[in-house]
2 protein chains.
Amino acid sequence: MSLSIGDVSQATGLSVHALRFFEREGLFLRDIPRTQGGQRAYERPDVDWLLLCNRLRESGMPIATVKRFADLVKEGPGNEPDRLALLREHERQVEAKIDELRACLAVIHDKVVVYERHVEAGTATGLWSPPLDAEPRRP
Amino acid sequence: MSLSIGDVSQATGLSVHALRFFEREGLFLRDIPRTQGGQRAYERPDVDWLLLCNRLRESGMPIATVKRFADLVKEGPGNEPDRLALLREHERQVEAKIDELRACLAVIHDKVVVYERHVEAGTATGLWSPPLDAEPRRP
DNA sequence: CCTTGACCTAGAGCGCACTCTAGATTCTAG
DNA sequence: CTAGAATCTAGAGTGCGCTCTAGGTCAAGG
């Protein structure tokens, strides 16, 4: 039994607009067939693919790159090393992003701690308190 | 000694365009003064603030939120609990994003492993091999 | 001096990833 | 049968975060 665009929207969390957009952009692994009435008729594997796409997108892969991956898959067997390279490269980037976020988190957490101490102990130390003032340049 | 926009660009990695844009958007903690010739004259604390902004931005804080934080700081002492709340909320979001990325990474890594096995062992199992086919809907 | 590069303002333009609109058709429940 | 919900296509519009342009002014080295 096939799935309507609404079903797929529900199953993937993507809006129907996004699904039509993805189709125009060629992100699917096949041409989505239509019913005799002209409505999209998806199948489970389409949903599975979209769920993977969601993970790739959430982790920062641009649509153009998802499309490159989809194109490789559509080409059929023979280019698995290329697909592997693409995935490995993305994996590397996600790891790097996690590291970056952790570094940011450390900085932010330090600020939180400073403010906590400040808030629960009267008044301040170590904050960007009143607007900074400075001498004019080449006065 | 004050810093030119080029100096600050170098020090922060932000383009001079971005620095002027940030100023228009009110992200600075003060009005950046000008030299008699009309050029921006930054000081070290401006750079320090921008470096913090960079961390906030890298970790996904929208410019509007950075501005809210800047506005709180500019208001001066008294609203530290609000600043703390803002930072804590962002901290929470960054932690959530890291978790999300880790989940994505697990999925991606699984795919990588599947492809590795496939590539270094002849032909396939468990991939989106040839384009999926399916029966038409309500035929 | 004078050239060359950095800087100025105001505002237009861009890339991305959707999102929404219009106007028509199809599907479904009563 | 019919009303209302869902879907269709093609294309315009949106929000974000810059980035670039035009048409100048300013500043530092030779």
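Proteins get letters first, then strands, A, B, ... in listed order; numbering begins at 1 in each. All values below were derived from every heavy atom in this structure, side-chain atoms included, with hydrogens, water molecules and symmetry-related copies excluded.
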Same cluster (ILVMFWY, side-chain, under 4.5 Å), B/Phe21 and B/Leu51: yes
Give B/Arg57 one of three labels, base, sugar-phosphate or nothing, depending on what nucleic acid heavy atoms sit under 4.0 Å from its own. sugar-phosphate
Nucleotide C/dT26, atom P - distance to CD1 of A/Ile5 in whole Å: 17 Å
Which heavy atom in B/Gly26 sits nearest to a heavy atom in B/Asp71, and how many Å separate them? O-OD1, 4.5 Å
Nearest whole Å is fine: how far is D/dG11 P from A/Glu25 CD? 14 Å
From CD of A/Gln39 across to C1' of C/dT25 the rounded distance in Å is 8 Å
Supply the atom-to-atom distance B/Leu3 CG to B/Arg40 CZ, rounded to the nearest 0.5 angstrom. 14.0 Å
Neighbours of DNA chain D within residues 8-15 of chain A, by heavy-atom distance under 4.0 Å: none
For B/Glu23 and C/dC7, what is the distance between atoms CD and P respectively, to the nearest whole Å? 14 Å
Would you check if A/Arg83 and B/Lys111 make a side-chain contact, meaning some heavy-atom pair closer than 4.5 Å? no
A/Gln36 has its side chain closest, among C/dC8, D/dT7, C/dC27, to C/dC27
Rounded distance in Å - NE2 (A/His17) to P (D/dA10): 16 Å
Mind checking whether B/Phe28 and B/Tyr42 have parallel, tilted or perpendicular rings, split at 30° and 60°? tilted
If you define the side chain from C-beta out and look only at heavy atoms, does anything of B/Leu19 sit under 4.5 Å from B/Leu50? yes
Side chain of A/Ile63 - closest among C/dT19, D/dC18, C/dA17: C/dA17
Distance, rounded to the nearest Å, where A/Leu56 contributes CG and C/dA17 contributes P: 13 Å
Of all the nucleotides listed (C/dC18, C/dC8, D/dC18), which has the minimum atom distance to the side chain of B/Arg20? C/dC8
Phosphate oxygens OP1/OP2 of D/dT7: is one of them under 4.0 Å from a side-chain N or O of A/Ser4? yes
Any A/Arg40 side-chain nitrogen or oxygen under 4.0 Å from OP1 or OP2 of C/dC27: no
What's the CZ-C1' distance between A/Phe21 and C/dC16, to the nearest Å? 8 Å
5'-most contact on DNA chain D: B/Met61 or B/Gly38, nearest heavy atom basis? B/Met61
Can you check the A/Arg24 CZ to D/dA12 P distance for me, whole Å? 12 Å
Given D/dT9, is OP1 or OP2 found less than 4.0 Å from the side-chain N or O atoms of A/Arg34? yes
Would you call A/Glu100 and A/Lys97 a salt bridge, taking side-chain N to carboxylate O under 4.0 Å as the test? yes
